[in-house]
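Data block below; observations after.
Letters A, B, ... mirror the listed sequences (proteins, then strands); counts begin at 1.
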Number of protein chains: 2
Amino acid sequence: MLKNNEFIDKLRSLGLRPTKQRLKICEVLFNREKTFHFTINDLAKIISEKLKEKISLATVYNTVHAFKDKGYLKEISINSDKSYFDTNITNHHHFFDEDTNQLIDCDNDDIEKINIKKNITGKKINSIEVLIKVASDNQNQN
Amino acid sequence: MLKNNEFIDKLRSLGLRPTKQRLKICEVLFNREKTFHFTINDLAKIISEKLKEKISLATVYNTVHAFKDKGYLKEISINSDKSYFDTNITNHHHFFDEDTNQLIDCDNDDIEKINIKKNITGKKINSIEVLIKVASDNQNQN
DNA sequence: AAACTACATTATAATTATTCTAAACTATTG
DNA sequence: CAATAGTTTAGAATAATTATAATGTAGTTT
């Protein structure tokens with residue numbers, strides 16, 4: 001359970017002012033056992049249900065994007081009409097359960113190192129993301 | 001250069017009626033040397049510029065989704081406000097150039113086989129997609 | 001601590017991507 | 001060629017996200 005002061009320091013170190021709203025959002029996002037995968041809408045819903053005072057949807061968007069830009073959150077590549085974010089900012093990959101539309105972290109140790117033999121000239125690799133789509137192991141699968 | 005008859009046969013084999021609109025879209029998508037990465041909007045623009053007769057945007061959506069559902073197109077997972085599609089339906093991976101927002105096919109031989117040691121129980125793996133984000137190789141990179 | 005300034009928050013409007021609707025149209029089958 | 005099931009269409013509807021511009025607040029200066 002992180003303390004408020006820790007969030008204040010963290011935000012300051014990122015060059016973000018520790019406002020009331022941002023601290024609340026930190027609590028919701030980072031006071032968890034497991035990493036958290038969410039859409040802006042998920043987050044807004046949690047906030048509006050848990051918290052007495054409301055936070056404007058625009059602020060939720062602003063905050064999530066500020067956190068992402070500063071590397072405090074990670075955006076995940078799945079094809080979806082919404083954007084997914086992840087509180088786990090370490091290099092890791094994902095399973096995507098097509099039955100339930102759920103994202104599941106994939107331990108880095110569970111995938112053998114990915115070796116890219118050829119790169120685009122003049123470019124450096126910023127990230128390598130693997131998305132493993134899974135579905136229930138039945139017949140008549142599409 | 002594929003002939004109209006080939007598209008007609010292909011569509012029939014997929015259980016899709018070969019309509020005038022679908023055949024035009026086939027020409028735009030599949031009469032190319034290289035595989036083609038596009039958004040619906042890209043495609044709609046090409047159609048409206050190249051073709052005399054217009055195709056309704058709804059039809060472009062319908063067609064692309066029909067093609068995708070039948071496995072004649074592939075949808076690519078990148079984080080974006082739009083969906084990207086690919087005329088290359090074989091198993092392959094992508095580079096995403098963050099400078100230009102361009103998708104580039106990654107030859108399967110250019111990535112060593114990806115070994116997943118642990119899977120989700122009761123689920124089968126439908127696909128493994130790797131997205132390698134690259135950007136220009138300068139200092140002061142974010 | 002008052003005043004200042006740059007950054008944040010807010011409600012709302014605007015925009016963008018996509019899906020829905022229901023009427024008109026057309027490919028296929030008998 | 002008539003019937004019908006699948007398609008196309010324009011436009012409305014929805015959903016996610018971004019822009020706007022006024023108000024508020026954190027951090028700094030005096």
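- Between A/Q21 and C/dT10 there is a side-chain N or O to OP1 or OP2 distance below 4.0 Å.
- At the phosphate of C/dA11, OP1 or OP2 sits under 4.0 Å from a side-chain N or O atom of A/K54.
- Considering only side-chain atoms of A/I40, the nucleotide from D/dG27, C/dA8, D/dT17 that sits closest is D/dT17.
- Of the candidate nucleotides C/dT9, D/dT8, C/dT28, D/dT8 has the atom lying nearest to any side-chain atom of B/T63.
- Inter-residue side-chain proximity for B/K70 and B/L16 is flagged as met; some heavy-atom pair is nearer than 4.5 Å.
- Distance B/Y84 OH to C/dT18 P: 11 Å, rounded to the nearest Å.
- Of the side-chain N and O atoms in A/R22, none sit less than 4.0 angstrom from OP1 or OP2 of D/dA26.
- By the 30° and 60° cut-offs, the orientation of the rings of A/Y72 relative to A/F30 is parallel.
- Here D/dG27 presents its P atom at 14 Å from NZ of A/K20, a figure rounded to the nearest Å.
- B/S56 has a side-chain polar atom (N or O) that falls below the 4.0 Å cut-off from OP1 or OP2 of D/dA10.
- Checked options B/D110, B/D107, B/D86; the residue passing with B/H92 is B/D86 (criterion: side chain to side chain donor-acceptor pair (under 3.5 Å)).
- In this structure, B/N41 reaches neither bases nor backbone, as no heavy-atom distance under 4.0 Å exists between it and the strands shown.
- B/V130 is not listed as a side-chain neighbour of A/E129, based on a closest heavy-atom distance of 4.5 Å or more.
- Between the CD1 atom of B/I47 and the P atom of D/dT9 there is a distance of 10 Å, given to the nearest Å.
- Between B/E75 atom CD and C/dT18 atom C1' there is a gap of 12 Å when expressed in whole angstrom units.
- Here the P atom of nucleotide D/dA26 and the CG atom of A/L16 are 15 Å apart, to the nearest Å.
- For D/dT8, the OP1/OP2 oxygens have a side-chain nitrogen or oxygen of B/T19 closer than 4.0 Å.
- Looking at heavy atoms from C-beta onward, B/K82 lies out of side-chain contact with B/F38 at the 4.5 angstrom threshold.
- B/S83 has a side-chain polar atom (N or O) that falls below the 4.0 Å cut-off from OP1 or OP2 of C/dT18.
- Considering only side-chain atoms of A/A58, the nucleotide from C/dT28, C/dT12, D/dA10 that sits closest is C/dT12.
- The CG atom of A/L57 sits 11 Å away from the C1' atom of D/dA15 (whole-angstrom rounding).
- For D/dT18, one of the phosphate oxygens OP1 or OP2 lies less than 4.0 angstrom from a side-chain nitrogen or oxygen of A/H65.
- Regarding contacts with the backbone of C/dT19, every side-chain N or O of B/Y61 stays at 4.0 angstrom or more from both OP1 and OP2.
- If you measure from atom CG of A/L43 to atom P of D/dA16, you get 14 Å, rounded to the nearest angstrom.
- Which of C/dT28, D/dG11, D/dT8 sits closest to the side chain of B/R17 comes down to C/dT28.
- Look at B/T59 and you'll find a side-chain N or O under 4.0 angstrom from OP1 or OP2 of D/dT9.
- Ion pairing of B/D99 with A/K123 is present here, as a side-chain N (NZ or NE/NH1/NH2) and a carboxylate O approach within less than 4.0 Å.
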